[in-house]
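Positions are given from 1 along the sequence. Read the numbers this way: they start at 1 and go in the same order the structure lists the ligands and their atoms. Keep in mind that the numbers below use all heavy atoms, side chains included, and drop hydrogens, waters and symmetry copies.
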Amino acid sequence: MTRLLGIETSCDETSAAVISGTGDAVTLQSLVILSQDVHRVFGGVVPEIASRAHLTSIQPVVQRALDDAGVDGAALDAVAVTNGPGLVGALLVGVSFGKALAYALDVPLVGVHHMEGHLFATSLESADAVPPFTALLVSGGHTLLIDVEAWGRYRLLGRTRDDAAGEAFDKVAKLLGLPYPGGPHVERLAATAEAGAPRFTRPMLRRNQRPGDDDYYDFSFSGLKTAVLNAVHAPDGAAGRAAIARGFQDALIETLVEKTARAANAFDRRRVVLGGGVAGNRTLVAAMTERLAPHGVSVYAPGARLATDNAAMIARAGLFHIERGERAGLDLNAFATLTLPGLIAA
Ligand code: KG4
Ligand code: ZN
């Protein structure tokens with residue numbers, strides 16, 4: 001049994017968590033997520049402000065995670081910290097704190113790739129969300145379709161060529177005059193649409209695409225955003241805001257669902273696991289389930305706290321690496337871009 005502290009500061013949440021366990025039998029003992037509300041004023045994350053906010057909250061957030069778990073530092077066996085990808089100044093706060101803590105406690109330290117953390121998140125609450133599975137990670141910064149053959153063995157099948165899915169939601173929200181972050185607002189507005197929502201072209205989704213085509217699994221959302229812009233500014237103002245939100249969300253979701261279904265089918269997977277902030281979209285989860293259930297594929301989505309950026313998923317991914325004997329040195333660095341570990345040929 002290993003008890004591990006996770007730390008996550010890659011973007012605008014300061015988070016710490018304690019887990020304990022072995023292999024996939026893991027108990028989440030505590031999870032603290034402090035979301036930096038300040039960025040709402042600016043309509044997006046301001047990196048320098050994020051770094052400073054992490055600096056003032058990291059110590060109390062870690063202390064609170066230990067208190068909630070009912071342990072003190074001496075009870076920890078290891079420390080895991082996100083060291084990329086993300087905002088480098090923000091990451092450095094967590095990495096520096098993690099290093100100092102591991103050194104002071106004389107326990108192993110491990111660096112975790114933020115997106116590998118998202119792959120593990122759902123398994124903390126759904127015991128069946130374990131490999132092999134097809135993963136769709138959809139957040140504000142990333143859109144990745146991955147075949148997870150085993151923990152640590154990942155086939156990167158598709159990614160966005162421009163905007164991430166969450167970024168598209170945020171930009172469309174702005175066009176519709178909704179607050180940041182826009183995803184939940186767009187979802188709510190779309191739910192109020194009457195019949196007759198505009199049908200936007202499904203980006204990179206064509207019937208005659210074949211496995212091996214370089215756009216078979218890839219995504220692109222910037223054209224869809226432009227189509228929304230044009231609809232908002234249409235001279236007759238034909239479609240209302242709710243209808244436009246609905247048309248946008250339908251197009252984006254159908255693209256995500258179809259490409260995920262292609263991947264699950266190609267690798268004959270029985271499970272699909274969602275991750276990232278957009279996985280909090282109930283309409284997406286319902287559409288994915290409806291599309292895949294008839295094929296005997298189960299869909300797993302994380303609850304709100306594990307969908308968004310959190311340290312529990314970092315601790316869980318860190319446990320996997322610690323159990324494999326991996327250790328980071330005190331020269332562990334933070335990286336704005338970082339290759340997912342464990343990639344195997346698609
Ligand atoms: O994973 P996350 O919390 O942060 C990172 O980007 O890493 O994802 C945040 C993104 C934002 O773009 C937000 O608008 C989107 O997730 N989001 C949603 C929903 N809830 C959050 N998008 C669509 N529908 C939602 N219900
Ligand atoms: Zn994330």
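- In this structure, the protein non-hydrogen atom closest to atom 22 (N) of ligand 1 is G183 CA, 3.3 Å.
- Of the protein's heavy atoms, V278 CG2, 3.9 Å lies nearest to atom 15 (C) of ligand 1.
- Looking at D309 and the Zn ion (ligand 2) together, the shortest N, O or S contact belongs to OD1.
- In this structure the side chain of T134 never reaches within 4.5 angstrom of the side chain of L136, judged on heavy atoms.
- Among all non-hydrogen protein atoms, the one lying nearest atom 26 (N) of ligand 1 is E187 OE1, 2.9 Å.
- Counting only heavy atoms from C-beta outward, the side chains of I7 and I58 approach each other to under 4.5 Å.
- Checked against a 3.5 angstrom limit, the closest N/O atoms of F169 and ligand 1 fall outside it.
- Side-chain N or O atoms of D170 include one that pairs as donor or acceptor with a backbone N or O of G182 at under 3.5 Å.
- For the Zn ion (ligand 2), the set of nearby N, O or S atoms under 2.8 Å includes one belonging to H114.
- Less than 4.0 angstrom separates some heavy atom of G280 from each of these atoms of ligand 1: 26 (N).
- For ligand 1, the atoms closer than 4.0 angstrom to any heavy atom of G140 are 5 (C), 6 (O), 8 (O), 9 (C), 10 (C), 12 (O).
- At least one donor-acceptor pair closer than 3.5 Å links the side chain of Y154 to the backbone N or O of G152.
- The closest protein non-hydrogen atom to atom 17 (N) of ligand 1 is G277 O, 3.6 Å.
- The parts of N281 lying near ligand 1 are both backbone and side chain, judged by heavy-atom distances below 4.0 Å.
- At a 3.5 angstrom cut-off on N or O pairs, G276 does not count as close to ligand 1.
- Counting heavy atoms only, T308 comes closest to atom 3 (O) of ligand 1 of the residues L178, T308, D170.
- Backbone or side-chain N, O or S atoms of H142 do not reach the Zn ion (ligand 2) at under 2.8 Å.
- The minimum distance between the Zn ion (ligand 2) and any N, O or S atom of H118 involves atom NE2.
- Among all non-hydrogen protein atoms, the one lying nearest atom 4 (O) of ligand 1 is D309 OD2, 3.5 Å.
- Ligand 1 has P184 within reach: a non-hydrogen atom of the residue lies less than 4.0 Å from it.
- Ring planes of F219 and F221: parallel class, angle under 30° (limits at 30 and 60°).
- The ring of F169 has its center closer than 6.0 angstrom to the ring center of F248.
- Checking side-chain atoms of E187 against main-chain N and O of T283 turns up a donor-acceptor pair under 3.5 Å.
- Taking the ring centre of Y216 as origin, the terminal cationic atom of R210 falls outside the region bounded by 6.0 Å and 45° from the ring axis.
- Atoms of ligand 1 found under 4.0 Å from any heavy atom of G141 (numbered from 1 in listed order, with element): 6 (O).
- Between the side chain of Q209 and the backbone N or O of R206, at least one donor-acceptor pair lies under 3.5 Å.
- A donor-acceptor contact shorter than 3.5 Å is absent between the side chain of T308 and the backbone of A304.
- Although no hydrogens or angles enter the test, the distance criterion places a donor-acceptor pair under 3.5 Å between the side chain of R271 and the main chain of V130.
- Residue-ligand proximity, G166 to ligand 1, at heavy-atom distances under 4.0 Å covers atoms 12 (O).
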